[in-house]
Amino acid sequence: EAQVTQNPRYLITVTGKKLTVTCSQNMNHEYMSWYRQDPGLGLRQIYYSMNVEVTDKGDVPEGYKVSRKEKRNFPLILESPSPNQTSLYFCASSLASGSYEQYFGPGTRLTVT
Amino acid sequence: GQNIDQPTEMTATEGAIVQINCTYQTSGFNGLFWYQQHAGEAPTFLSYNVLDGLEEKGRFSSFLSRSKGYSYLLLKELQMKDSASYLCAGPGGNNRKLIWGLGTSLAVNP
């Protein structure tokens with residue numbers, strides 16, 4: 001089944017404790033992206049990747065890191081999480097760029113206390 | 001600039017028709033997406049209009065006018081399960097990203 005998977009689905013952590021949210025897609029998509037979604041603010045892009053080893057900042061990259069060592073994986077790293085990073089996070093992928101249909105993972109609900 | 005505007009909330013009755021509008025100011029948008037998102041779930045693709053006009057897909061239709069920077073999503077024969085947020089989005093940043101509206105929360109009442 002074609003899909004985007006994310007892990008974990010739910011995470012409660014404390015300020016400053018490094019964490020990684022994994023994202024994997026099995027559709028051989030070139031483009032992958034991370035979003036956060038907060039009430040009243042909509043979907044905001046954190047980072048995106050046009051291809052392996054090619055990543056770029058989205059609209060809200062501060063406090064996050066990403067890597068794209070393989071085509072299928074695009075982990076999101078929070079080196080020192082803070083409470084303002086409490087959010088619902090979505091990973092998405094598309095065939096080639098932002099102008100193609102994006103397929104979303106199920107989401108990761110992160111709480112930082 | 002690239003901004004997308006859509007109403008925050010709408011309500012409708014089961015069995016009725018509802019139109020959700022989306023307007024945008026853009027340079028370089030070459031199409032418009034509509035996604036559906038149920039509360040707490042991931043957005044799912046509904047439609048992508050590249051050409052002007054109406055595209056019908058079952059109970060859902062989407063319209064685009066590029067010259068007016070205007071699109072709408074038309075939902076017919078509303079069902080309770082259509083209660084969701086509807087997001088419009090356009091390719092921006094030289095097609096490197098999607099520019100998202102804040103979404104329209106639709107409540108379908110019995």
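Side chains are part of it too, since the values below use all heavy atoms of this structure and drop only hydrogens, waters and symmetry mates. Just so we're on the same page: letters track the sequence lines, and every chain starts at 1. None of the values given here were measured: they were computed from a predicted structure.
When the shell of 6.0 Å around CD1 of Ile12(A) is examined, it contains 12 or fewer heavy atoms from other residues, nucleotides or ligands. For CD of Glu77(B), the number of neighbouring non-hydrogen atoms (other residues, nucleotides, ligands) closer than 6.0 Å is 12 at most. By the neighbour-count criterion of 12 heavy atoms within 6.0 Å, atom NZ of Lys68(B) is sparsely surrounded, having that number or fewer from other residues, nucleotides or ligands. Heavy-atom neighbours of Phe60(B) CZ from other residues, nucleotides or ligands within 6.0 Å: above the threshold of 12.
Top candidate by heavy-atom pairs under 4.5 Å with chain B, chosen from Gly107(A), Pro106(A), Ser97(A), is Ser97(A).
Within residues 5-12 of chain B, no residue has any heavy atom closer than 4.5 Å to a heavy atom of chain A. The stretch residues 25-51 of chain A places Tyr31(A), Tyr35(A), Gln37(A), Gly40(A), Leu41(A), Gly42(A), Leu43(A), Gln45(A), Tyr48(A), Met50(A) near chain B, each with some heavy atom under 4.5 Å from a heavy atom of that chain.
Cluster annotation: Leu102(B) is not connected to Leu88(A) through the hydrophobic network of ILVMFWY side chains, with a link wherever side-chain heavy atoms come within less than 4.5 Å. Grouping the Ile, Leu, Val, Met, Phe, Trp and Tyr side chains by contacts below 4.5 angstrom, directly or via other members, places Tyr24(B) with Leu73(B). Note on Ile20(B) and Val108(B): same hydrophobic cluster, where clusters join Ile, Leu, Val, Met, Phe, Trp and Tyr whose side-chain heavy atoms are under 4.5 Å apart, directly or indirectly. Using a 4.5 Å cut-off between side-chain heavy atoms of Ile, Leu, Val, Met, Phe, Trp and Tyr, with links allowed through other members, Val18(B) and Leu64(B) fall into the same hydrophobic cluster. The hydrophobic clustering, which links ILVMFWY residues whose side-chain heavy atoms are closer than 4.5 Å, places Leu87(B) and Val50(B) together.
Side-chain contact check for Gln37(B) versus Phe104(A): every heavy-atom pair is 4.5 Å or farther apart.
Contact between Gly105(A) and Ala42(B) at its shortest, heavy atoms only, is O-CB, 3.0 Å.
Atom-to-atom distance recorded for Phe45(B):CZ and Gln102(A):CD is 11.0 Å, nearest 0.5 angstrom.
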(request) Apply salt bridge (charged side-chain N to carboxylate O under 4.0 Å, His left out) to the pair Lys97(B) and Asp59(A), showing each step before the final yes or no. (result) CA-CA 10 Å; Lys97(B) 58 194 295 185; Asp59(A) 299 314; 2.9 Å; yes
